[in-house]
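All ligand and atom numbering here is 1-based and tracks the order in the structure.
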Amino acid sequence: MKVHIIGGGNLGVSIALGIAKFSKNNQVTVTRRNIASIQYLSEYGIAVSNDNKHNIQEADVVILTIKPYQVDTVLAEILPVIQDKTIASAVSGLSLDVLQTKTNYEYPVVRIMPNIAAQFGESATCISFPEKYAANASPIVDLFQDLGTAPVIDEKLMDAATVLGACGTAYALRYIRASMQAGIEIGFDSNTALAIAAQTVKGAAKMLLEEKVHPEQLIDRVTTPQGCTIVGLNEMEHNGFSSSLIKGIKTSLKQIKG
Ligand SMILES: NC(=O)C1=CN([C@@H]2O[C@H](COP(=O)(O)OP(=O)(O)OC[C@H]3O[C@@H](n4cnc5c(N)ncnc54)[C@H](O)[C@@H]3O)[C@@H](O)[C@H]2O)C=CC1
Ligand SMILES: O=C(O)[C@@H]1CCC=N1
């Protein structure tokens with residue numbers, strides 16, 4: 001499959017690199033208004049252009065990784081030249097209904113919500129589409145499975161998926177940063193603290209994903225009675241650790257829903 005990504009910014013570039021590295025059956029081109037900062041993608045065999053219509057004719061799928069306020073301009077430019085190509089949108093908050101209205105119900109549409117770990121084959125990409133476009137969506141689901149996991153979900157959960165799966169990258173990184181700061185305070189240099197904190201999160205996530213158990217079952221294995229883990233965990237909870245995460249995630253969701 002040939003993929004044309006419009007919007008070579010943070011997300012567009014991470015998807016393009018992910019495809020080049022992990023999805024050998026697919027080819028990718030990228031456009032952006034100012035291409036100076038993404039010229040290096042050509043080293044990965046990714047053609048870049050500042051013309052959204054360049055390379056678009058050869059594409060099977062057009063992926064939109066632009067900001068919500070850029071959608072109308074881009075659609076006005078590309079719709080006259082893309083006939084029945086599938087449009088896959090990663091634009092946050094843009095529902096399939098609104099996208100279909102903007103495209104006059106004439107194009108197969110798919111909503112995708114990847115995260116920037118696509119570049120490392122580790123995105124959690126939620127996908128939804130109208131049932132009538134299942135056949136068009138199928139190769140897109142396959143592609144994002146190459147870039148991590150790609151569950152198909154009910155569209156009413158796509159905003160929630162944006163928060164949990166895409167914003168979630170930032171939340172996880174902030175946890176790592178806080179651990180690193182604490183690590184420095186208790187004696188490590190910053191590089192060592194970061195390496196330990198990041199690997200510990202990677203290990204915890206890997207155990208969860210492979211053992212498919214509730215996190216608390218693994219926490220039980222770490223918390224020695226009257227030991228140092230449980231007193232630290234309880235102190236964090238007294239200070240609102242879980243509560244602040246839950247409140248933050250709900251606030252992010254409110255922001256998307258407007
Ligand atoms: N950054 C992330 O982690 C994620 C972002 N998203 C969504 O993806 C979209 C893009 O987000 P980012 O990549 O962070 O933004 P960004 O600002 O880094 O990327 C957007 C890119 O589109 C380009 N662009 C703007 N107008 C254009 C046009 N007319 N033609 C071609 N290219 C144009 C810009 O130059 C920019 O490079 C947003 O809707 C965002 O909500 C979704 C999931 C994760
Ligand atoms: O912060 C944002 O609005 C975008 C959507 C998901 C990740 N970044």
note = In this structure, atom 3 (O) of ligand 2 is nearest to the protein heavy atom Ser92 OG, 4.4 Å
request  = List the closest protein heavy-atom neighbour of atom 19 (O) of ligand 1: residue, atom name, distance to the nearest 0.1 Å.
outcome  = Gly9 CA, 3.3 Å
ask   = Quick check: does Glu77 get an N/O under 3.5 Å from an N/O on ligand 1?
value = no
Lys/Arg N to Asp/Glu carboxylate O, Glu216 vs Arg221, below 4.0 Å = no
request  = Select one of side chain, backbone, both or neither to describe which atoms of Met113 lie under 4.0 Å from any atom of ligand 1, heavy atoms only.
outcome  = side chain
message = Side chain, backbone, both or neither: which applies to Arg32 and ligand 1 if a contact is any heavy-atom pair less than 4.0 Å apart?
response = both
message = Tell me whether atom 6 (C) of ligand 2 lies less than 4.0 Å from at least one protein heavy-atom position.
response = yes
task = If you have a sec, work out which protein heavy atom is nearest atom 3 (O) of ligand 1 and how many Å separate them, to one decimal?
result = Ile116 CG2, 3.5 Å
ask   = Just checking, any donor-acceptor pair under 3.5 angstrom between side chains of Asp146 and Ser23?
value = yes
inquiry  = For His238 and Asn234: C-alpha separation, side-chain torsions, deciding distance, then whether side chain to side chain contact (heavy atoms under 4.5 Å, CB included) applies.
reply    = CA-CA 6 Å; His238 292 318; Asn234 286 346; 4.2 Å; yes
ask   = With backbone taken as N, CA, C and O and side chain as the heavy atoms from C-beta onward, which portion of Thr73 lies under 4.0 Å from ligand 1: side chain, backbone, both, or neither?
value = neither
ask   = In the protein, which heavy atom is nearest to atom 29 (N) of ligand 1, and how far is it?
value = Val74 CG2, 3.4 Å
task = May I ask you to decide whether Asp51 forms a salt bridge with Lys53, counting only side-chain N to carboxylate O separations under 4.0 Å?
result = no
query = Which ligand 1 atoms are under 4.0 Å away from a heavy-atom of Gly7?
reply = 21 (C), 22 (O), 23 (C), 32 (N)
key: Greater than 12 external heavy atoms within 6.0 Å of Glu122's CD   = no
ask   = What protein heavy atom sits nearest atom 8 (N) of ligand 2, and how far off is it?
value = Cys167 SG, 5.0 Å
inquiry  = One thing to verify: whether Asp60 and Lys2 come together as a salt bridge, which I'm taking to mean a side-chain N less than 4.0 angstrom from a carboxylate O.
reply    = no
inquiry  = For Tyr133, is the OH atom crowded, meaning more than 12 foreign heavy atoms sit under 6.0 Å from it?
reply    = yes
key: Within-shell test, Cys167 vs ligand 1, heavy atom, strictly < 4.0 Å   = no
query = Should Leu218 and Leu208 be marked as a side chain to side chain contact (heavy atoms under 4.5 Å, CB included) after you check the CA-CA gap, both sets of side-chain angles, and the distance that decides it?
reply = CA-CA 8 Å; Leu218 297 174; Leu208 269 183; 3.8 Å; yes
Main-chain N/O of Gly7 paired to Thr65 side chain as donor or acceptor, under 3.5 Å = yes
ask   = Between Thr65 and ligand 1, which part of the residue brings a heavy atom under 4.0 Å of the ligand: side chain, backbone, both or neither?
value = backbone
inquiry  = Geometry only, no angles: is Ile66 polar-contacting ligand 1 at N/O separations under 3.5 Å?
reply    = yes
ask   = Which residue supplies the protein heavy atom nearest to atom 34 (C) of ligand 1, what is that atom called, and how far is it?
value = Arg33 NH2, 4.2 Å
ask   = Does an N or O anywhere in Leu11 fall below 3.5 Å from an N or O of ligand 1?
value = yes
query = What is the nearest protein non-hydrogen atom to atom 1 (N) of ligand 1, stated with its residue, atom name and distance?
reply = Asn10 CB, 3.9 Å
ask   = Taking the six-membered ring of Tyr107, is the NZ or CZ of Lys102 close enough (under 6.0 Å from the centre) and on axis enough (within 45°)?
value = no
message = Can a side-chain donor-acceptor contact be found between Ser242 and Glu237 if the only test is distance below 3.5 angstrom?
response = yes
Protein contact of atom 41 (O) of ligand 1 - nearest heavy atom, named by residue and atom, plus distance = Ser92 OG, 2.8 Å
key: atom 11 (O) of ligand 1: the protein heavy-atom neighbour that sits closest, reported with distance to 0.1 Å   = Lys67 CE, 4.2 Å
